[in-house]
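Down below is the structure, laid out as structure tokens.
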Amino acid sequence: MIEAAGLVKTYGRGRALDGLTFTAGKGVTGLLGPNGAGKTTLIRMLATVLAPDEGELRLLGRDPAGDRLEIRRRLGYLPQEPGYQRGFTVFEFVDYVAILKEMVERRARHDEVRRVIEEVGLTSVSGKRIRTLSGGMRRRLGIAQTLLGDPELILLDEPTVGLDPEQRLRFRELISHIGQDRAVVLSTHQTEDVAALCNRVVVLKAGRCEFEGTPEEIRALAEGRVWFSAEKSGVLSWRTGDGLFRNIGPAPEGARLAEPTVEDGYLLLLGGTAAEAAA
Ligand SMILES: Nc1ncnc2c1ncn2[C@@H]1O[C@H](COP(=O)(O)OP(=O)(O)OP(=O)(O)O)[C@@H](O)[C@H]1O
């Protein structure tokens, strides 16, 4: 569904994307990376909002330079700042997006609007104004509009920011459901979301692909490299609630091996070399 090779995007003197190569297919692909790594730039490029300065990009088997409209018809996009019209009701907002998506026939459009509202579980608040919704409901509304027209590719830019644990759980259910027969790409800072949801993960660092694989593969990078000890060791180390230090890197004296997480593997990828050198 997505084939990217050597993507470059330059803003002024800085390179937001610096030769990024990766692929993504059906299922849920998580884009992880520190602030400024290029996640939003990449998602906007996949949404055909931005064009690459260099590199090859194919979306849904097509070239976005020539087939932008056709690709747009087949994708759903939730930007980082969706810019809701807060005075609109849930129905009005989704209907408005449906009109922008060229759904001209009113009755069929309204059926489709009701369908996507139902799919994200917002039917009971369909007539409520957006300003009265909780943050979690607003996120689901954001997802609803991406589902209009049953697209094959769905792009979500940091969809889980600011959700409480219960909302996050419901959100995971929803995204894993919509990822069953489509390609979903979501950017996030939450390694727990990646571990719980994604069948693939792409780690961006300074505009390049640092890692591409499964969450299990990223977790396995930290196998045998996470330790509990009485003393702090290295940079990737913190004191846990029970007073022991949890260290990522080489074993400190008298240390006990700990079970690694996706986050440990991710931290090693991003800062492991520097941390180990300092340890
Ligand atoms: N419109 C712009 N003009 C100038 N620089 C930009 C623009 N958009 C992004 N950048 C720069 O490009 C780099 C990548 O930004 P981008 O927003 O893609 O990163 P990100 O991984 O999404 O970050 P975050 O996690 O903070 O959202 C950053 O250095 C950013 O400052």
Side-chain angles (χ1 to χ4, degrees), residues 1-9 16-34 37-52 54-65 67-68 70-80 142-143 146-147 149-160 171-172 174-221 262 265-266 269-270:
M1 297 246 183
I2 299 172
E3 294 160 88
L7 295 181
V8 172
K9 183 73 202 174
L17 297 182
D18 188 19
L20 177 68
T21 298
F22 82 105
T23 59
K26 267 192 185 171
V28 185
T29 300
L31 287 182
L32 272 177
K39 302 180 296 296
T40 295
T41 302
L42 174 60
I43 293 230
R44 297 186 73 213
M45 210 171 264
L46 301 179
T48 76
V49 176
L50 272 183
E54 290 171 38
E56 298 288 320
L57 180 60
R58 287 193 78 76
L59 300 168
L60 302 165
R62 290 171 181 265
D63 175 0
D67 294 335
R68 198 157 75 129
E70 171 62 21
I71 294 167
R72 281 193 177 184
R73 288 190 185 112
R74 293 165 58 195
L75 68 79
Y77 170 42
L78 175 63
Q80 204 166 37
I143 300 286
T146 70
L147 297 173
D150 199 15
E152 294 145 78
L153 172 61
I154 293 192
L155 306 164
L156 308 172
D157 199 353
E158 296 207 30
T160 56
F171 209 79
R172 284 179 187 165
L174 176 61
I175 292 175
S176 58
H177 170 66
I178 64 177
Q180 269 169 6
D181 46 8
R182 304 183 174 86
V184 177
V185 178
L186 64 92
S187 80
T188 181
H189 286 286
Q190 305 287 334
T191 48
E192 300 97 321
D193 285 340
V194 167
L197 259 183
C198 300
N199 55 312
R200 288 192 77 248
V201 50
V202 174
V203 176
L204 297 192
K205 184 177 172 184
R208 289 177 154 269
C209 178
E210 187 76 7
F211 174 90
E212 199 178 356
T214 65
E216 175 50 29
E217 284 165 351
I218 205 170
R219 193 195 67 82
L221 294 175
V262 170
Y266 172 64
L269 262 180
L270 290 188

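Quick note: numbers below take in every heavy atom, side chains included, and nothing from hydrogens, waters or symmetry partners.
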Partner residues of D63 under the salt bridge (Lys or Arg N to Asp or Glu O under 4.0 Å) criterion, sequence neighbours left out: none

Non-neighbouring partners of T41 that pass side-chain hydrogen bond (donor to acceptor under 3.5 Å, both in side chains), sequence neighbours left out: none

Modelled atom types, side-chain donor and acceptor of T48 and R72, under 3.5 Å: yes

Interatomic spacing from CE in M1 to CG in L75 - rounded to 0.5 Å: 11.5 Å

For residues 152-160, please give each side-chain donor-acceptor pair under 3.5 Å, one per line with the distance, not counting sequence neighbours.
| residue | atom | partner | partner atom | Å |
| --- | --- | --- | --- | --- |
| E152 | OE1 | R74 | NH2 | 2.9 |
| E152 | OE2 | R74 | NE | 2.7 |
| D157 | OD1 | S187 | OG | 2.6 |
| D157 | OD2 | T40 | OG1 | 3.0 |
| E158 | OE2 | Q80 | NE2 | 3.0 |
| E158 | OE2 | H189 | NE2 | 3.4 |
| T160 | OG1 | D193 | OD2 | 2.7 |

Spacing of L42 atom CG and L50 atom CG [to the nearest 0.5 Å]: 10.0 Å

Residue E70 excluded, over 12 heavy atoms near CD under 6.0 Å: yes

Pairwise side-chain contact, D67 with L59, heavy-atom cut-off 4.5 Å (strictly under): no

T188 OG1 to K39 NZ distance, which is reported to the nearest 0.5 Å: 8.5 Å

Interatomic distance, L186 atom CG to I143 atom CD1 [nearest 0.5 angstrom]: 8.5 Å

Would you tabulate the side-chain donor-acceptor contacts of residues 16-33 under 3.5 Å, counting partners in other chains and residues two or more places apart, or write 'none'?
| residue | atom | partner | partner atom | Å |
| --- | --- | --- | --- | --- |
| D18 | OD1 | R15 | NH1 | 2.9 |
| T21 | OG1 | G6 | N | 2.9 |

Test side-chain hydrogen bond (donor to acceptor under 3.5 Å, both in side chains) applied to R58 - qualifying residues, sequence neighbours left out: none

Distance-minimising heavy-atom pair for G142 and T146: O-CG2, 3.4 Å

Shortest non-hydrogen contact from F211 toward G213: CE2-N, 3.5 Å

All side-chain hydrogen bond (donor to acceptor under 3.5 Å, both in side chains) counterparts of R73, not counting sequence neighbours: E102

Residues which pass salt bridge (Lys or Arg N to Asp or Glu O under 4.0 Å) with E212, listed by chain and number, not counting sequence neighbours: R200

Results of side-chain hydrogen bond (donor to acceptor under 3.5 Å, both in side chains) for R208 - residues two or more places apart only: none

Short side-chain to backbone donor-acceptor contact, K205 and L270, under 3.5 Å: yes

Set of salt bridge (Lys or Arg N to Asp or Glu O under 4.0 Å) partners for E216, sequence neighbours left out: R219

Side chains of L197 and F171 in contact at under 4.5 Å (non-hydrogen atoms): no

Closest contact, heavy atoms only, Y266 versus P34: OH-N, 3.3 Å

